[in-house]
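Numbering of ligands and ligand atoms starts at 1, following listing order. The chain is numbered in sequence order, starting from 1.
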Amino acid sequence: MLAPMNSLLLTGGRVVDPANHFDSSTDLLIIDGKISAVGNYLTAPKGIEEFDAKGKIVCPGLIDLHVHLREPGQTAKENLATGTAAAARGGFTSIVCMPNTLPAIDTAGTVALIRERAAREGVVNVFVTGAITKNIAGEELAPIGGLKHAGVVAITDDGHCVQNHELMRHACQYAKMFDLPVMDHCQDYSLVTDGVMHEGYWSTVLGLRGWPSAGEEVIVARNILLAELTGAKIHCQHLSAAGSVALLREAKKRGVPISGEACPHHFVLTDAAVAGSGKFWVDDGKGLAKFQGGELPEWPKYDTNFKMNPPLRTARDREAILEGLADGTIEILCSDHAPHCDFEKEVEFDYAPFGITGLETELALSLMQLVHAKRLPLADLIAKFTVNPTRLLNLSKGTLSAGADADVTVFDPDCEWVFNTDESASKSKNSPFNGWKLKGKAVATIVGGKTVWAEKSELVAA
Ligand SMILES: [Zn+2]
């Protein structure tokens with residue numbers, strides 16, 4: 001008899017499933033692409049492949065709800081094949097792509113195109129978001145109902161921010177009607193103008209135009225008021241400022257349907273990094289230096305791999321983001337993976353595009369700053385990558401319950417390794433963490449019972 005397809009027995013791992021409050025060293029059985037059972041002494045069908053997960057964490061497949069795949073229109077930066085390959089390497093079984101492509105994902109036809117192509121060329125699940133406004137221009141609403149029927153899981157103008165509050169109010173009313181969350185890139189254009197880094201000490205020293213924290217906080221406050229007014233779920237993307245965390249904390253206490261996410265670069269780095277590695281390690285990098293084993297990664301000042309939107313902020317802001325993650329104010333972790341070509345980034349700081357890659361480093365950096373730093377229990381970190389994003393987006397993912405899709409991530413939280421952009425699966429190399437020694441690494445990524453990526457040493461010999 002042939003062994004069943006897409007089936008696997010993972011033995012002896014520490015199985016952590018926050019959705020079921022489960023955390024125990026045991027086995028996990030996958031049959032025909034679905035979770036069959038979790039427990040000891042499982043009887044597996046004959047001939048089934050086994051994976052020795054001893055010493056590893058076995059958890060629901062990780063989900064990154066903020067990824068730029070650059071399809072359609074910007075495939076020199078990334079495409080569905082390379083973006084999903086980078087996700088698989090990072091331990092992610094599902095990603096949510098942003099609609100600021102060329103053209104923008106603002107019609108049912110474009111949504112269908114991405115979903116079709118993702119099913120054919122992607123190695124992990126791809127969920128699609130649609131634009132709030134036509135062409136992400138902030139002037140006229142996109143056909144939100146049509147986008148929902150085409151399968152989007154949320155709407156967002158990410159990369160841009162709807163400045164007209166009345167238009168945003170209408171977007172929220174439609175979104176609520178169609179049961180879609182609204183995700184927002186919080187940036188007030190009149191305050192930020194053409195700022196390229198955090199407005200503060202270092203922007204003054206370096207002579208770069210500032211992007212003040214208030215430029216984010218004003219829109220977070222706006223979103224809280226609109227969530228309260230309309231009852232729509234509003235999710236604030238890539239929070240960077242201490243004031244944003246305080247606003248969110250207060251609003252959530254009152255039961256406002258507002259949520260937030262944080263990206264590793266905002267809780268690992270600070271604006272001192274734009275002044276070069278020397279300044280960063282002396283001023284703000286002390287807590288992280290211990291992971292580097294004495295050899296601190298170096299970079300010059302004005303390195304455009306430290307330019308992103310919103311920008312890196314102060315050590316106080318970084319601490320506030322970490323506190324927000326620790327106390328549950330910020331429920332979701334993600335990368336804001338934003339690939340750009342070398343030639344685009346290799347220009348003066350003022351002219352470089354905003355954004356960095358992140359899919360392959362986010363698990364390690366999150367483990368380092370939250371779990372290894374003893375700020376957050378492991379199960380809570382996993383929840384921020386699994387059950388929490390699925391709740392926001394109404395996805396039937398993020399759990400190891402019997403019958404669920406067998407999307408599983410196996411990782412070694414203590415594995416020390418060096419991230420090298422030359423070995424990345426992404427088309428782009430714009431990461432500030434090139435050469436960093438990291439702690440924690442995915443060893444196998446399983447989608448629908450199929451191992452789509454595994455560390456070579458972990459692959460079972462045929
Ligand atoms: Zn954004």
For this session: Could you walk me through whether N100 and H68 pass side-chain hydrogen bond (donor to acceptor under 3.5 Å, both in side chains), step by step?
Result: CA-CA 8 Å; N100 60 335; H68 297 271; 2.9 Å; yes
Exercise. Would you find more than 12 non-hydrogen atoms of other residues, nucleotides or ligands less than 6.0 Å from K439 atom NZ?
Worked result: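 For K439, atom NZ is crowded (more than 12 foreign heavy atoms under 6.0 Å).
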For this session: May I have the step-by-step check of side-chain contact (heavy atoms from CB on, under 4.5 Å) for V153 and V128, ending in yes or no?
Result: CA-CA 6 Å; V153 296; V128 183; over 6 Å; no
Exercise. Can S240 and E216 be counted as having a side-chain donor-acceptor contact under 3.5 angstrom?
Worked result: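 Their side chains do contain a donor-acceptor pair, which is all the 3.5 Å distance test asks for.
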For this session: Sort by chain and number the protein N/O/S atoms found under 2.8 Å from the Zn ion (ligand 1).
Result: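 N, O, S partners closer than 2.8 Å: D158 OD1, H185 ND1, H238 NE2.
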Exercise. For the side chain of K384 and the backbone of L325, is there at least one donor-acceptor N/O pair under 3.5 Å apart?
Worked result: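 Side chain of K384 to backbone of L325: a pair is present.
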For this session: Before accepting this row, confirm whether a basic side-chain N of the pair E228/R254 lies closer than 4.0 Å to the acidic partner's carboxylate O.
Result: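 So E228 pairs with R254 through a salt bridge.
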